[in-house]
Amino acid sequence: TARRAYEIAAQYRARDIPVVLGGYHATMVPEEALQHATSVMVGDAEPVWACLLRDAAAGQLRPRYQGTRAQDPLLAGVRTDWSIFAGKSYLPVRLTQFSRGCFNQCEYCATGSIYQRRFCHRPVSEVVGELQADGARLVFFVDDNLVCDKQAARELLTAIKPLHLKWFSQADVSFAADPALMELMIESGCVGLVVGFESLDPQNLLQMQKHCNARLEGYDTTVERIRAAGLLVWAAFLLGYDNDTPDTVRATCDWALSKKFAFSAFNVLQPYPNTPFYARMQQERRLRFDGRWWLHDDYRFGDTGITPKHCTADALGAACQAARLRHSSLYQIARRACDRKTHMKDLWSFATYLAYNPLFRRELLKKDRMLLGYRGLER
């Protein structure tokens, strides 16, 4: 979304309105972002946001503000006012955040590059108070890895049990190796998770430094534990590492279908700027689109920003799109629905599965080959 953000910023700057850019992309490439803004916020904004507002009111915005990174008590007192979304056409899910950062530092990951294996979280009492005040019943914790700090996760889950929520989040697969933690997740209202399996190839996992996955005794055992618990799974795969070919992409889709995941995302490996993976691709001269695919006129959604090792970039992109279309075909949606352990375990799970799969398919078809920026909106 960087290109579109820069286009919007340009419209405001043309009207002499100051523009501040922040977030992950601006933090990774602040020099680029500053070309399109009055000021750039690097890192987590909360500790210095009030200072920036005072400077803006005085007409003295500095070019760059350095927010702090994951360290307590960074997240104390942080809360978003979700009432501004009332009456608008958003999904009926309350979004909130418990933690930031991750102890993992996978080669491709922007979170790992920004937080450098650091992790922080909000006080549990503040999260509970927010959810109670909002009257939330269906919650998505937007954390990169809710179970990263197992002890902190246990404290949160124990505290939210009396709220009788239904909640989703994102987690690495390590939670499945901890039966007590998984039981607590279920008791606290967990109904599903986005889980990064990334690759079925052990060498790919080692190359991407996804050590929490590489240490598992096997995905098949892990998935059966998750299915036995009745959790809906959005399985995420990262395709394009050095052992990948169109054949391995098809095999990954075969495996995902055999596990009857609620959803599967077959993501093309992208070199995010200033990650270790980006640096390696740059050194190996494998970057495409002049190294800045997110701004390049020829880039389209679904393209890969690198040259794969054992196939062409077009072949990899086509294989990933074929996997998406196959997994989200109406036939496969219907076939996966008939899983009594997960999607058909109760009426709510079945209704959720049937409601969101067609929505996911429509979004998939709409984004395929889309141009970035305003040109993509025109299409």
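Residues M28 and H25 have side chains not in contact (no heavy-atom distance under 4.5 Å, counting atoms from C-beta outward). Looking only at side-chain heavy atoms (C-beta outward), R300 and M370 stay at 4.5 Å or farther from each other. Residues R362 and K366 have side chains not in contact (no heavy-atom distance under 4.5 Å, counting atoms from C-beta outward). Two residues are said to be in side-chain contact when any heavy atoms from C-beta on lie closer than 4.5 Å; M208 and S199 meet this criterion. R100 is listed as a side-chain neighbour of Y115, based on a closest heavy-atom distance under 4.5 Å. Side-chain contact between W82 and Y90 is absent, with no heavy-atom pair separated by less than 4.5 Å. Contact annotation: the side chain of V139 approaches that of L131 to within less than 4.5 Å [non-hydrogen atoms, C-beta and beyond]. Side-chain atoms of L269 and I306, non-hydrogen and from C-beta on, do get closer than 4.5 Å to each other.
Looking at Q116 and Q105, their side chains do bring a donor and an acceptor atom within 3.5 Å of each other. With no hydrogens or angles considered, no side-chain donor-acceptor pair links Y278 and E107 at under 3.5 Å. If you check the side chains of H343 and S349, you find no donor sitting under 3.5 Å from an acceptor. Remark: the E198 side chain and the Y108 side chain contain an N/O donor-acceptor pair separated by less than 3.5 Å. No donor-acceptor contact under 3.5 angstrom links the side chains of S169 and D143, judged on distance only. Side-chain atoms of D144 and Q170 form no donor-acceptor pair, as typed in the model, at a separation below 3.5 Å. Remark: the N204 side chain and the D244 side chain contain an N/O donor-acceptor pair separated by less than 3.5 Å. Side-chain atoms of R280 and Q283 form no donor-acceptor pair, as typed in the model, at a separation below 3.5 Å.
Summarising the geometry, atom OH belonging to Y241 is positioned 14.0 Å from atom OG1 belonging to T248; distances are rounded to the nearest 0.5 Å. To the nearest 0.5 Å, the span separating CG on L75 from CZ on F98 amounts to 9.0 Å. Remark: E155 CD to H121 NE2 distance equals 6.5 Å, nearest 0.5 Å. Taking CG of L239 as the reference point, atom OG1 of T245 lies at 10.5 Å (rounded to 0.5 Å). In this structure, H296 NE2 and L372 CG are separated by 11.5 Å, a value rounded to the nearest 0.5 Å. The distance from atom OH of Y65 to atom CG of L52, rounded to the nearest 0.5 Å, is 4.5 Å.
Ion pairing between D134 and R94 holds under the 4.0 Å rule for side-chain N and carboxylate O. Salt bridge D55/R62: present, at least one basic N to carboxylate O contact under 4.0 Å. Salt-bridge annotation for D172 and K210: absent, with no side-chain N of the basic residue lying under 4.0 Å from a carboxylate O of the acidic one. Looking at R3 and D297, a side-chain N of the basic residue comes within less than 4.0 Å of a carboxylate O on the acidic one, giving a salt bridge. Between D339 and K260, none of the side-chain N atoms (NZ, or NE/NH1/NH2) sits under 4.0 Å from a carboxylate O, so this pair counts as no salt bridge. A salt bridge between R326 and D254 is present, with a side-chain N of the basic residue lying under 4.0 Å from a carboxylate O of the acidic one. Between E363 and K367 there is no salt bridge, since no side-chain nitrogen of the basic residue lies less than 4.0 Å from a carboxylate oxygen of the acidic one. Using a 4.0 Å cut-off between a side-chain N of Lys or Arg and a carboxylate O of Asp or Glu, K150 and D178 do not qualify as a salt bridge.
Minimum heavy-atom separation, S99 to N145: OG-O, 4.2 Å. Counting all heavy atoms, side chain and backbone alike, C212 lies closest to N104 at SG-ND2, 3.7 Å. Shown here for E130 and R122, the closest heavy-atom pair between the two residues is OE1-NH2, 2.8 Å. Among all heavy-atom pairs drawn from V128 and I160, the shortest one is CG2-CG2, 4.1 Å. In plain terms, the two heavy atoms of Y374 and E7 that are nearest each other are N-OE1, 2.7 Å. The nearest pair of heavy atoms linking F119 to G101 is CD1-O, 3.5 Å.
For D290 (side chain) and R292 (main-chain N/O), no donor-acceptor pair under 3.5 Å exists by modelled atom type. The backbone N or O of A262 lies less than 3.5 Å from a partner atom in the side chain of R336, making a donor-acceptor pair. Listed for the K345 side chain is a donor-acceptor partner under 3.5 Å among the backbone atoms of G230. In this structure a side-chain-to-backbone donor-acceptor pair under 3.5 Å is present from Q270 to D303.
Shown here are the side chain to side chain contact (heavy atoms under 4.5 Å, CB included) partners of A323, two or more places apart in sequence or in another chain: V249, C253, F266. Not a single salt bridge (Lys or Arg N to Asp or Glu O under 4.0 Å) links D201 to another residue, sequence neighbours left out.
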Show, in sequence, the C-alpha distance, side-chain angles and deciding distance for F141 and W167, and conclude whether the ring-ring contact (aromatic ring centres under 6.0 Å, His included) test is met. CA-CA 7 Å; F141 289 98; W167 63 266; 5.8 Å; yes
Pair F360, Y353 - check ring-ring contact (aromatic ring centres under 6.0 Å, His included), show working. CA-CA 10 Å; F360 184 52; Y353 176 89; over 10 Å; no
Does L295 form a side chain to side chain contact (heavy atoms under 4.5 Å, CB included) with E32? I'd like the steps, not just the answer. CA-CA 11 Å; L295 297 180; E32 175 193 288; 3.8 Å; yes
Side chain to side chain contact (heavy atoms under 4.5 Å, CB included), that's the test. Do M182 and R225 meet it? Break it down for me. CA-CA 9 Å; M182 193 151 57; R225 287 176 181 164; 4.1 Å; yes
Can you check side chain to side chain contact (heavy atoms under 4.5 Å, CB included) on M185 and R154, steps first, answer last? CA-CA 8 Å; M185 292 168 69; R154 288 187 179 94; over 6 Å; no
Kindly determine whether D242 and R286 satisfy salt bridge (Lys or Arg N to Asp or Glu O under 4.0 Å), including the steps that lead there. CA-CA 12 Å; D242 283 358; R286 292 169 59 187; 3.1 Å; yes
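Under the 4.5 Å side-chain heavy-atom criterion for ILVMFWY residues, no single connected hydrophobic cluster contains both F350 and Y331. Note on L184: it clusters hydrophobically with L146, by side-chain heavy-atom contacts below 4.5 Å among ILVMFWY residues. There is a path of hydrophobic side-chain contacts, each under 4.5 Å, that joins V173 to L200. Using a 4.5 Å cut-off between side-chain heavy atoms of Ile, Leu, Val, Met, Phe, Trp and Tyr, with links allowed through other members, V142 and L163 fall into different hydrophobic clusters. By the criterion of side-chain heavy atoms lying less than 4.5 angstrom apart, applied directly or through intervening Ile, Leu, Val, Met, Phe, Trp or Tyr residues, F140 is not grouped with V78; the two fall into different hydrophobic clusters.
Between Y356 and W234, the distance from one ring center to the other does not fall under 6.0 angstrom. Taking the six-membered ring for Trp, W294 and Y6 have ring centres at least 6.0 Å apart.
The number of heavy-atom neighbours closer than 6.0 Å to CZ of F168, taken from other residues, nucleotides and ligands shown, is above 12. Annotation for Y12: atom OH does not count as buried by contact number, only 12 or fewer foreign heavy atoms lying within 6.0 Å.
Relative ring orientation between Y299 and W293 is described as tilted, the plane-to-plane angle lying within the 30° to 60° band.
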